[in-house]
There are 2 protein chains.
Amino acid sequence: MGRQARIDDGELIDKLSAVFSDVGFQGASMAALAEATGLKKASLYHRFPDGKEQMAREVLLAAGDWMTENILTPLSKDTPPDARVGLLTRRLSKFYSGGKQACLLNLLSSARIAEGGVFAMEIATTFEALISALRKVVMDAGFDKAEADRRAVRSVMLLHGSLVLSRGTGSTRPFKAFLEGLPNDLLGAK
Amino acid sequence: MGRQARIDDGELIDKLSAVFSDVGFQGASMAALAEATGLKKASLYHRFPDGKEQMAREVLLAAGDWMTENILTPLSKDTPPDARVGLLTRRLSKFYSGGKQACLLNLLSSARIAEGGVFAMEIATTFEALISALRKVVMDAGFDKAEADRRAVRSVMLLHGSLVLSRGTGSTRPFKAFLEGLPNDLLGAK
DNA sequence: GTCTATAGGAAGATAGAC
DNA sequence: GTCTATCTTCCTATAGAC
């Protein structure tokens with residue numbers, strides 16, 4: 001407790017991330033962010049001089065990094081496609097806490113800060129990167145590019161749709177059903 | 001112009017709805033709602049004494065009514081299933097402005113007012129009603145209940161996922177791709 | 001690096017004239 | 001029914017002690 005940094009940086013981002021994922025950008029007040037992290041508002045400003053917008057940006061970047069390391073990179077390995085998809089489902093389940101946590105990309109896309117939306121590019125890039133990684137796996141399983149793209153896009157739609165539905169109905173069932181069907185959606189017989 | 005009600009009730013709800021769909025509940029300030037409708041804040045309070053929460057509730061109810069009249073009821077008719085699905089795609093395209101407008105159900109699910117979220121039940125009910133109506137059409141096409149439910153849930157996931165993706169990428173392509181595939185997703189050969 | 005205290009402004013909500 | 005003007009509360013952000 002004698003240390004100056006009483007809260008670990010990674011843990012701090014995690015807690016901020018949970019708030020943004022839960023109530024969105026506008027819904028996340030500095031008071032709520034302070035309470036969730038256990039820091040006072042002034043301390044948050046010390047670490048994030050640009051305030052809420054910087055927090056959201058760093059949370060978004062951290063999520064991108066996590067996805068790159070835990071999902072995109074494993075998907076690009078040359079292990080068997082079905083093994084890669086098996087790992088994918090486990091990582092997705094972890095990332096979204098089994099469907100209990102909504103997706104940042106969805107909750108931050110309505111944040112209109114300054115002109116044009118500050119997070120728009122980062123969000124679009126992240127969607128594209130996931131689709132691209134999935135497409136590669138499907139192609140490695142022997143499907144042509146058009147079919148692989150179709151399956152990759154559909155799977156990302158199903159992922160986010162299942163999260164919307166899970167949050168809207170207050171049940172993790174849609175997300176679990178999505179995960180269960182994912183191997184077949186990506187690699188099943190045509 | 002001599003009338004007292006200068007703005008039509010339906011049009012008023014439509015404009016409020018557009019704001020909530022765009023920026024969510026917390027993102028929709030009274031100032032923004034006033035500007036969008038052309039009414040001053042005090043005038044909005046005159047029509048909605050309980051303020052923003054009442055506006056969102058009425059907008060949600062109006063969307064539910066629209067869906068019942070234009071989607072659920074047609075889906076329960078006894079015309080051929082493929083004709084019903086054809087009408088469904090046109091109505092969905094209209095409802096979401098061809099993918100340019102996000103779904104209220106998604107943007108209002110993060111609104112945590114009072115304890116438990118005031119809109120939660122209405123949102124859950126609307127999701128269930130749509131799934132239920134789709135399930136019936138699929139069953140009318142000769143599929144068993146389990147398969148019909150699977151297809152109905154998947155289609156609703158694809159719908160909302162395509163809207164999330166369309167908003168996140170700034171393109172209506174995902175939504176259009178969803179609409180194009182919908183007839184096959186619901187009624188295609190197993 | 002974290003805190004208490006507070007400035008400054010935006011947001012929700014109301015009063016009362018027309 | 002709509003407006004202008006105002007009140008109050010909440011929120012973002014900063015100052016300065018420890």
Side-chain angles (χ1 to χ4, degrees), chain A residues 1-20 22-60 107-108 110-115 117-119, chain B residues 1-20 22-60 107-108 110-115 117-119:
Chain A
M1 278 308 195
R3 300 207 338 276
Q4 286 182 307
R6 304 214 190 130
I7 181 171
D8 173 64
D9 260 33
E11 195 183 350
L12 180 55
I13 291 286
D14 280 352
K15 299 200 167 171
L16 294 175
S17 181
V19 178
F20 285 121
D22 203 34
V23 297
F25 183 80
Q26 294 90 349
S29 67
M30 288 298 302
L33 294 165
E35 168 151 21
T37 57
L39 289 177
K40 297 296 177 184
K41 287 189 283 180
S43 305
L44 285 176
Y45 276 105
H46 176 76
R47 297 210 185 184
F48 306 95
D50 290 341
K52 232 170 74 167
E53 184 173 334
Q54 184 180 359
M55 294 183 214
R57 211 176 330 121
E58 294 199 16
V59 157
L60 211 44
L107 273 100
L108 291 183
S110 62
R112 300 286 170 77
I113 309 163
E115 52 268 45
V118 173
F119 312 130
Chain B
M1 278 308 195
R3 299 209 338 278
Q4 286 183 308
R6 305 216 190 128
I7 181 172
D8 174 63
D9 260 34
E11 194 183 350
L12 179 57
I13 291 286
D14 280 352
K15 298 199 166 168
L16 294 175
S17 180
V19 178
F20 285 120
D22 202 34
V23 297
F25 184 79
Q26 294 89 348
S29 66
M30 288 299 300
L33 293 165
E35 168 149 22
T37 56
L39 289 178
K40 299 297 177 183
K41 286 191 285 181
S43 304
L44 285 176
Y45 276 103
H46 177 77
R47 297 209 184 185
F48 305 96
D50 290 340
K52 231 169 75 167
E53 184 173 333
Q54 183 180 0
M55 293 183 216
R57 210 175 333 120
E58 293 199 14
V59 157
L60 211 44
L107 274 102
L108 291 184
S110 62
R112 299 285 170 78
I113 309 163
E115 52 267 43
V118 174
F119 312 130

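Letters go in sequence order (proteins before strands), and every chain restarts at 1.
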Value in whole Å for how far the C1' atom of D:dT2 lies from CZ of B:Phe48: 14 Å

N/O (side chain, A:His46) to phosphate O (OP1/OP2, C:dG1) under 4.0 Å: yes

Spacing of B:Lys40 atom NZ relative to D:dT6 atom C1', expressed in whole Å: 15 Å

B:Ser43 side-chain N/O to D:dC3 phosphate OP1/OP2 under 4.0 Å: yes

For atom CD1 of B:Ile7 and atom P of D:dC3, their distance in whole Å: 10 Å

Length of the CZ-C1' vector between B:Arg47 and D:dT2, whole Å: 9 Å

ring-ring contact (aromatic ring centres under 6.0 Å, His included) pairs, two or more places apart, involving residues 31-58 of chain A: none

Under the salt bridge (charged side-chain N to carboxylate O under 4.0 Å, His left out) test, residues paired with A:Lys15 that sit two or more places apart: A:Glu11

Which side-chain N or O atoms in residues 22-40 of chain B pair as donor and acceptor under 3.5 Å with protein atoms at least two apart or in another chain?
residue, atom, partner, partner atom, Å
B:Asp22, OD1, A:Arg112, NH2, 3.2
B:Asp22, OD2, A:Arg112, NH1, 3.2
B:Gln26, NE2, B:Ser110, O, 3.4
B:Ser29, OG, B:Ala32, N, 3.0
B:Thr37, OG1, B:Leu33, O, 2.9
B:Thr37, OG1, B:Ala34, O, 3.1
B:Thr37, OG1, B:Leu39, N, 3.3

Residues which pass salt bridge (charged side-chain N to carboxylate O under 4.0 Å, His left out) with A:Asp14, listed by chain and number, not counting sequence neighbours: none

Test side-chain contact (heavy atoms from CB on, under 4.5 Å) applied to A:Ile7 and A:Arg47, step by step: CA-CA 11 Å; A:Ile7 181 171; A:Arg47 297 210 185 184; 3.6 Å; yes

B:Ile13 side, atom CD1; B:Met55 side, atom CE - distance, nearest 0.5 Å: 9.5 Å

Letter per nucleotide, 5' to 3', of nucleotides 12-18 of chain D [B base touched, S only sugar-phosphate touched, - untouched; heavy atoms, 4.0 Å]: BBBB---

Rounded distance in Å - CG (A:Leu44) to C1' (C:dC3): 12 Å

Of the listed nucleotides D:dG1, C:dC3, C:dG1, the one nearest the side chain of A:Leu39: C:dC3

